[in-house]
Amino acid sequence: MEERAGEIGKRLKIVMPELPEVETIVRELCPHLVDRTIVSAQVAWERTIAQPKEDVARFCAEIRGRHIIGMGRRGKFVLIHLSGTAPRENPAQRGLSNPRPGPGSGDPDRADLDPLSLVIHLRMSGQLLLAPLGSPQHRRATFALSDGGRLYFYDQRKFGRIWLVRDPSEVVGGLGPEPLAETFTAQALQARLRKRRGMLKPLLLDQRFIAGLGNIYVDESLFRAGLHPQRTADTLTDAQILHLHSAIREVLNQALDRHGTTFDGIFVRPEGERGRQQEGLQVYKQDGLPCVRCGTPIQRTVVGGRGTHFCPQCQPL
DNA sequence: CAAGACTCCTGACGGC
DNA sequence: TGCCGTCAGGAGTCTT
């Protein structure tokens, strides 16, 4: 077992935050962010900011002075909710550098604004940390907080994005159901599967079909359900749908209990601790290693353009 | 609706 | 040793 965990560690180079990792991040950031004010924002890589588009100055201006009133998660997105009321700016400063009046109001003494939300997607390699890394090389954005703390956004691959929006649904509105929600029943999954004819693997990766699953947990869920990644969605029996439904939830809940999957040298959790789910992976990045159930070597193929790991014995087509 | 290609990026890795 | 081509991976977009 230890040997296996070590082997996986060697093979995993990159953080790919999925639902359990994002949920862990939100839970751990929450006590450090909620009830603080964002004093300033600094952006080192402009394309990190997806909205307002190509206007980092406006992003920083609109976020400054906002109070963090809550946090949440939708799929793989981190949500940070900001109050509508910003503290009054220094009038002298305002007069000098920014004569623009407050939005929708002619009274410069009042700064009642629309509430906003920061919506963050970490994509491949994004990290939200409360302490800086040794090198600023991959630091893309920094938020200074009223209590002296800072929130750092690091992202080696530059795929991560941050939106500042009035309504998070502008970004997350198209997402499918939350797999851990009570309303996501086996019947709900069945109803969605029946309408589709594609292969299971790409379907489960499609965030509009179900929100929050990525390559790791799709492979793990399909293994646990004994279903081949290329199985066609509308051919599943009722029993198989039931099995898939519980497999998805078990896999996600186990990863959540272990605070997600952490990779060599890269921290997932905001305070730097590692997750432990890499030790619980049964097929992901285990090609060539014996299946934990039957001993057959795990295979790797490409399905829908994605690296895919499965046991040919336990998951027959 | 399905499926594939292409794009964005970087760093690791293999070949020579 | 060092250079260079290739690849992975989430998701949006475009094409077939």
Side-chain angles (χ1 to χ4, degrees), chain A residues 7-22 25 43-51 53-54 73-78 119-128 133-141 153-163 165 168 170-176 179 191-221 229-236 260-266 268 278 281 283-288 299-309:
Chain A
E7 180 60 30
I8 302 157
K10 274 180 223 159
R11 296 186 184 202
L12 301 180
K13 303 294 183 197
I14 274 289
V15 179
M16 294 167 283
E18 306 181 25
L19 187 155
E21 290 75 27
V22 176
I25 288 165
V43 177
W45 172 256
E46 301 214 342
R47 292 172 69 177
T48 295
I49 307 305
Q51 202 169 324
K53 213 166 184 167
E54 289 166 33
R73 177 193 59 77
R74 180 75 172 92
K76 304 179 196 173
F77 292 85
V78 175
V119 181
I120 304 172
H121 198 303
L122 303 170
R123 288 279 171 84
M124 306 291 302
S125 59
Q127 300 181 77
L128 287 169
L133 294 176
S135 161
Q137 193 190 354
H138 300 131
R139 195 185 298 162
R140 310 302 179 201
F153 178 69
Y154 288 86
D155 186 22
Q156 180 190 96
R157 295 280 165 98
K158 296 182 172 178
F159 284 172
R161 291 292 180 265
I162 301 176
W163 293 258
V165 292
E170 291 172 41
V171 181
V172 301
L175 292 179
R192 297 181 79 78
L193 282 171
R194 290 276 183 257
K195 287 186 260 181
R196 300 297 210 103
R197 282 166 297 126
M199 297 180 289
L200 280 178
K201 164 105 183 191
L203 198 53
L204 295 177
L205 282 175
D206 184 345
Q207 301 299 298
R208 294 165 301 187
F209 181 79
I210 181 171
L213 295 181
N215 215 27
I216 297 176
Y217 299 119
V218 166
D219 281 5
E220 293 296 318
S221 297
Q230 289 176 293
R231 181 70 178 274
T232 307
D234 61 356
T235 64
L236 297 200
T261 306
T262 294
F263 302 80
D264 265 9
I266 301 187
V268 165
Q278 60 277 14
L281 299 180
V283 287
Y284 186 76
K285 290 276 161 118
Q286 300 214 44
D287 34 310
Q299 275 184 21
R300 181 186 188 278
T301 54
V302 175
V303 177
R306 301 278 166 239
T308 297
H309 315 77

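So you know, we letter chains A, B, ... as the sequences are listed, proteins then strands, and number each from 1. Atoms considered below: every heavy atom in the structure, side chains included; atoms not considered: hydrogens, waters and symmetry mates.
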Q: With sequence neighbours excluded, tell me which residues meet side-chain hydrogen bond (donor to acceptor under 3.5 Å, both in side chains) with S135(A).
A: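 For S135(A), no residue satisfies side-chain hydrogen bond (donor to acceptor under 3.5 Å, both in side chains) once neighbours in sequence are set aside.
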Q: Can you list everything that forms a side chain to side chain contact (heavy atoms under 4.5 Å, CB included) with R194(A)? Sequence neighbours excluded, please.
A: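 R194(A) satisfies side chain to side chain contact (heavy atoms under 4.5 Å, CB included) with Q190(A), D238(A), I241(A) only.
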Q: Does Q207(A) make a side-chain N or O approach to OP1 or OP2 of dA11(C) shorter than 4.0 Å?
A: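 Answer yes for this pair, as a side-chain N or O of Q207(A) is under 4.0 Å from OP1 or OP2.
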Q: Report the residues that fulfil salt bridge (charged side-chain N to carboxylate O under 4.0 Å, His left out) with R161(A), sequence neighbours left out, ordered by chain and then residue number.
A: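 If we apply the salt bridge (charged side-chain N to carboxylate O under 4.0 Å, His left out) test to R161(A), skipping adjacent residues, there are no hits.
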Q: The criterion is ring-ring contact (aromatic ring centres under 6.0 Å, His included); which residues satisfy it with H121(A), sequence neighbours excluded?
A: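 Partners of H121(A) by the ring-ring contact (aromatic ring centres under 6.0 Å, His included) criterion, ordered by chain and then number, come out as F77(A).
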Q: Testing H138(A), R140(A), R139(A), Q127(A) for side chain to side chain donor-acceptor pair (under 3.5 Å) with Y154(A), which one passes?
A: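 Between Y154(A) and the candidates, side chain to side chain donor-acceptor pair (under 3.5 Å) is satisfied uniquely by R139(A).
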Q: Write out a two-atom table: protein N or O, nucleotide N or O from nucleotides 4-7 of chain C, distance below 3.5 Å.
A:
none

Q: Check whether any side-chain N or O of E21(A) sits under 3.5 Å from a backbone N or O of T261(A) as a donor-acceptor pair, and report yes or no.
A: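 Here the side-chain-to-backbone pair exists.
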Q: Taking side chain to side chain contact (heavy atoms under 4.5 Å, CB included) as the definition, give me every residue that meets it alongside Q299(A), ordered by chain and number, with sequence neighbours left out.
A: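 Testing Q299(A) for side chain to side chain contact (heavy atoms under 4.5 Å, CB included), a comparison that skips the adjacent residues, returns F310(A), P312(A).
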Q: Please determine whether a side-chain nitrogen or oxygen atom of R123(A) lies at a distance below 4.0 Å from atom OP1 or OP2 of dC9(B).
A: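 No, no such contact exists.
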Q: Give each protein N/O atom lying under 3.5 Å from an N/O atom of nucleotides 13-16 of chain C, with the pair distance.
A:
none

Q: Taking side chain to side chain contact (heavy atoms under 4.5 Å, CB included) as the definition, give me every residue that meets it alongside K201(A), ordered by chain and number, with sequence neighbours left out.
A: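 For K201(A) the side chain to side chain contact (heavy atoms under 4.5 Å, CB included) partners, ignoring immediate neighbours, are L205(A), N215(A), V218(A), D219(A), L222(A), P229(A), V303(A), R306(A), T308(A).
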Q: Who are the side-chain hydrogen bond (donor to acceptor under 3.5 Å, both in side chains) partners of D206(A), not counting sequence neighbours?
A: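 For D206(A) the side-chain hydrogen bond (donor to acceptor under 3.5 Å, both in side chains) partners, ignoring immediate neighbours, are R208(A).
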Q: Please pick, from dC9(B), dG11(B), dG9(C), the nucleotide with the shortest atom-to-atom distance to any side-chain atom of K285(A).
A: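 Within the option list, the nearest is dG9(C).
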Q: Could you check whether K76(A) gets within reach of a base, just the sugar-phosphate, or nothing at all, counting any heavy atom under 4.0 Å?
A: sugar-phosphate
Q: Considering only nitrogen or oxygen atoms on both sides, find all protein atoms under 3.5 Å from nucleotides 3-7 of chain B and state each distance.
A:
none

Q: Which residues pass the side-chain hydrogen bond (donor to acceptor under 3.5 Å, both in side chains) test with R73(A), sequence neighbours left out?
A: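 side-chain hydrogen bond (donor to acceptor under 3.5 Å, both in side chains) list for R73(A), sorted by chain: E23(A), E178(A).
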Q: Have a look at the helix from dA2(B)-dT16(C) to dC16(B)-dG2(C) and give the angle its two end axes make, five pairs each, rounded to 10 degrees.
A: 60°
